[in-house]
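Encoded as structure tokens, the structure appears first; notes follow it.
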Amino acid sequence: MQSSPAKSSGQSKILLVIFSTIIFLSLMFIFPSNSSNAQVIDHAPKFSGKVKVPKKDGETKVEAYYSVEKMRDNVYHINDYSKSPGGKKGINPASMYLIKGSNKALLIDGGNKNIKARKELAAIVNKLRGTTPLEIAVTHNHEDHTGQLALFKANTIYYPKKDKIKGKKYTNNYSWVKEGDVIDLGNIKFNVIETPAHTPGSVTYVDQQNNLIASGDSIGSTFVWLFDKKSLNTYQKTLNHLYAQVKDMKDPLFMPGHKWQTDPANKKRGPKYTPDNKPMTMQYLKDMITLTKQIKDGTAKSHKYYVDGKKRGTAYVYHHAMICMIDD
């Protein structure tokens with residue numbers, strides 16, 4: 001029995017709708033939309049010359065090589081999307097932080113080296129600080145945190161004394177900091193706490209009154225890299241020392257060296273970096289302390305750790321924390 005033309009037409013429309021829906025959903029998986037939490041976002045092809053400053057806490061404005069997030073009043077996160085010195089794809093955005101005090105502004109860390117991006121970074125920093133004098137503070141000597149320091153030859157650069165590279169020539173604007181030193185911005189005062197392990201001279205900048213902890217890579221950004229077995233003992237001492245200094249702070253704002261790694265959206269990309277990729281809290285620091293104990297007594301859970309498809313070491317995991325012991 002043949003179908004009527006009207007019935008055939010109706011069936012065709014239904015099939016067309018089903019087919020279109022399947023195609024649409026397929027494209028959504030192939031080309032996912034960029035949610036507000038996603039790490040991969042669209043950047044301008046080139047810097048426009050006009051810096052857009054976010055007004056609300058948590059708001060982000062995107063430029064060509066950098067994005068700017070307002071974390072709280074006078075505290076900004078500058079995310080560096082320049083190609084990292086390491087990694088096949090250079091997927092290692094580094095974090096910088098601009099903190100504006102009543103007398104001075106401080107830029108913490110210097111991002112990846114990218115000469116093409118220096119004009120943009122200078123414009124962002126100058127826009128955020130206004131007329132407030134600027135100083136720079138470095139957390140450790142790795143090149144994804146010192147790459148743009150040449151831009152700030154006219155500014156004081158506070159640099160960890162124990163991370164000074166032997167044989168390297170430093171300009172006269174470098175000021176070497178150690179445990180107990182204070183960087184005074186007026187209403188904001190950062191105490192220097194030595195937190196070695198990731199590098200021999202890593203430091204953390206802490207303002208207890210304003211609940212600010214700028215840790216660089218000292219305790220990682222939901223996971224930390226250690227480069228030899230001896231450094232585990234150093235790291236355990238670092239964690240206990242840092243915790244003793246900050247344990248009484250209520251809900252401190254952690255400013256790690258790679259803030260993008262704390263984004264839950266990263267569970268969907270690449271290898272599983274940590275158990276949950278949650279923003280860092282005091283609990284993370286406590287979990288790190290527990291994890292070092294478990295590694296030393298042989299009870300820690302572990303798995304092989306890969307970077308760009310190559311095994312780089314062993315990852316040990318506990319709750320919010322992960323320690324990667326790198327083979328080379």
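Basis for what follows: all heavy atoms, side chains included, without hydrogens, waters or symmetry-related copies. For the single chain, residues carry numbers from 1 onward in sequence order.
No path of Ile, Leu, Val, Met, Phe, Trp and Tyr side chains, each step under 4.5 Å between heavy atoms, connects I165 with V203, placing them in separate hydrophobic clusters. Under the 4.5 Å side-chain heavy-atom criterion for grouping Ile, Leu, Val, Met, Phe, Trp and Tyr, Y158 is not connected to L98 through any hydrophobic cluster. By the rule that hydrophobic residues join a cluster once side-chain heavy atoms approach within less than 4.5 Å of another member, Y97 and L134 end up as members of separate clusters. Under the 4.5 Å side-chain heavy-atom criterion for grouping Ile, Leu, Val, Met, Phe, Trp and Tyr, M71 is not connected to F254 through any hydrophobic cluster. No continuous path of hydrophobic side-chain contacts links V206 to V75 [ILVMFWY only; heavy atoms under 4.5 Å].
Although no hydrogens or angles enter the test, the distance criterion places no donor-acceptor pair under 3.5 Å between the side chain of Y243 and the main chain of M282. At least one donor-acceptor pair closer than 3.5 Å links the side chain of N141 to the backbone N or O of D163. Counting only distance, with no hydrogens or angles, the side chain of E120 and the backbone of Y65 share a donor-acceptor pair below 3.5 Å. Between the N187 side chain and the S102 main chain, a donor and an acceptor come within less than 3.5 Å of each other. Q208 places a side-chain N or O within donor-acceptor distance of the main-chain N or O of Q245, the cut-off being under 3.5 Å. Formation of a donor-acceptor pair under 3.5 Å by the D80 side chain with backbone atoms of N112 is found in this model. In this structure, N211 contributes its side chain and M249 its backbone to no donor-acceptor pair below 3.5 Å. In this structure a side-chain-to-backbone donor-acceptor pair under 3.5 Å is present from R129 to T132. At least one donor-acceptor pair closer than 3.5 Å links the side chain of E63 to the backbone N or O of K52. At distances below 3.5 Å, not a single donor-acceptor pair connects side-chain atoms of N155 with backbone N or O atoms of I136.
Taking the six-membered ring where the residue is Trp, the centroids of Y170 and Y159 are separated by under 6.0 Å.
Contact check on E194 versus K178 returns no salt bridge, with no Lys/Arg side-chain nitrogen under 4.0 Å from an Asp/Glu carboxylate oxygen. Under 4.0 Å is where a charged nitrogen must lie from a carboxylate oxygen, and between K61 and E59 at least one such pair does. A salt bridge between D184 and K189 is present, with a side-chain N of the basic residue lying under 4.0 Å from a carboxylate O of the acidic one.
More than 12 non-hydrogen atoms from other residues, nucleotides or ligands lie less than 6.0 angstrom from NZ of K311. Open room surrounds CG on D251; 12 or fewer heavy atoms of other groups in view lie less than 6.0 Å from it.
With contacts defined as side-chain heavy-atom distances shorter than 4.5 Å, the pair V182/N191 qualifies. By the 4.5 Å heavy-atom criterion applied to side chains, P93 and Y66 are not counted as neighbours. Counting heavy atoms from C-beta on, the side chains of Y318 and I295 never come closer than 4.5 Å. Side-chain contact between M280 and I219 is present, with at least one heavy-atom pair separated by less than 4.5 Å. Counting only heavy atoms from C-beta outward, the side chains of F190 and V192 never approach each other to under 4.5 Å. Between M96 and Q148 there is no side-chain heavy-atom pair separated by less than 4.5 Å. Residues R118 and K113 form a side-chain contact, since some pair of their non-hydrogen atoms from C-beta on lies under 4.5 Å apart. The shortest distance between side-chain heavy atoms of Y305 and F223 falls below 4.5 Å.
Just one of H77, H258, Q261 meets the side-chain hydrogen bond (donor to acceptor under 3.5 Å, both in side chains) condition when paired with S95; it is H77. In summary, of the residues considered (T139, T199, D217), a side-chain hydrogen bond (donor to acceptor under 3.5 Å, both in side chains) with H145 occurs for D217 alone.
Across every non-hydrogen atom of S302 and Y316, the tightest pair is CB-CD2, 3.6 Å. Across L149 and I157, no two heavy atoms sit closer than the pair O-CD1, 4.0 Å. When every heavy atom of S218 is checked against every heavy atom of Y235, the shortest pair comes out as O-CE1, 3.3 Å. Nearest heavy-atom pair across A137 and I183 is CB-CD1, 4.0 Å. Across every non-hydrogen atom of K296 and N233, the tightest pair is NZ-OD1, 2.8 Å. The shortest non-hydrogen separation linking S215 to P256 is OG-CA, 3.8 Å.
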_What verdict does the side chain to side chain contact (heavy atoms under 4.5 Å, CB included) test give for V53 and Y76, after you've listed the backbone C-alpha separation in whole Å, the side-chain angles of each residue and the deciding distance to 0.1 Å?_
CA-CA 10 Å; V53 178; Y76 296 89; 4.1 Å; yes
*Would K230 and T234 satisfy side chain to side chain contact (heavy atoms under 4.5 Å, CB included), going step by step from the backbone distance to the final call?*
CA-CA 7 Å; K230 292 182 181 179; T234 302; over 6 Å; no
_Evaluate Y205 against V177 for side chain to side chain contact (heavy atoms under 4.5 Å, CB included), listing each step before the verdict._
CA-CA 11 Å; Y205 299 102; V177 295; 3.9 Å; yes
_Residue pair M322, H303: steps toward the side chain to side chain contact (heavy atoms under 4.5 Å, CB included) verdict_ = CA-CA 11 Å; M322 186 164 84; H303 60 266; 4.1 Å; yes
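Distance check: T262 OG1 to H320 NE2 gives 12.5 Å after rounding to the nearest 0.5 Å. Expressed to the nearest 0.5 Å, how far OG1 of T222 lies from CH2 of W260 amounts to 9.0 Å. Once rounded to the nearest 0.5 Å, the distance linking NZ of K100 with CG of L185 reads 12.0 Å. Atom CG of L128 and atom CD1 of I78 lie 5.5 Å apart (nearest 0.5 Å). Taken from NZ in K237 to CG in L242, the straight-line distance is 16.0 Å, to the nearest 0.5 Å. With rounding to the nearest 0.5 angstrom, the CG atom of D207 is 9.5 Å from the CD1 atom of I99.
By the 30° and 60° cut-offs, the orientation of the rings of H198 relative to F227 is tilted.
Side-chain contact, N240 with Q236: no donor N or O sits under 3.5 Å from an acceptor N or O.
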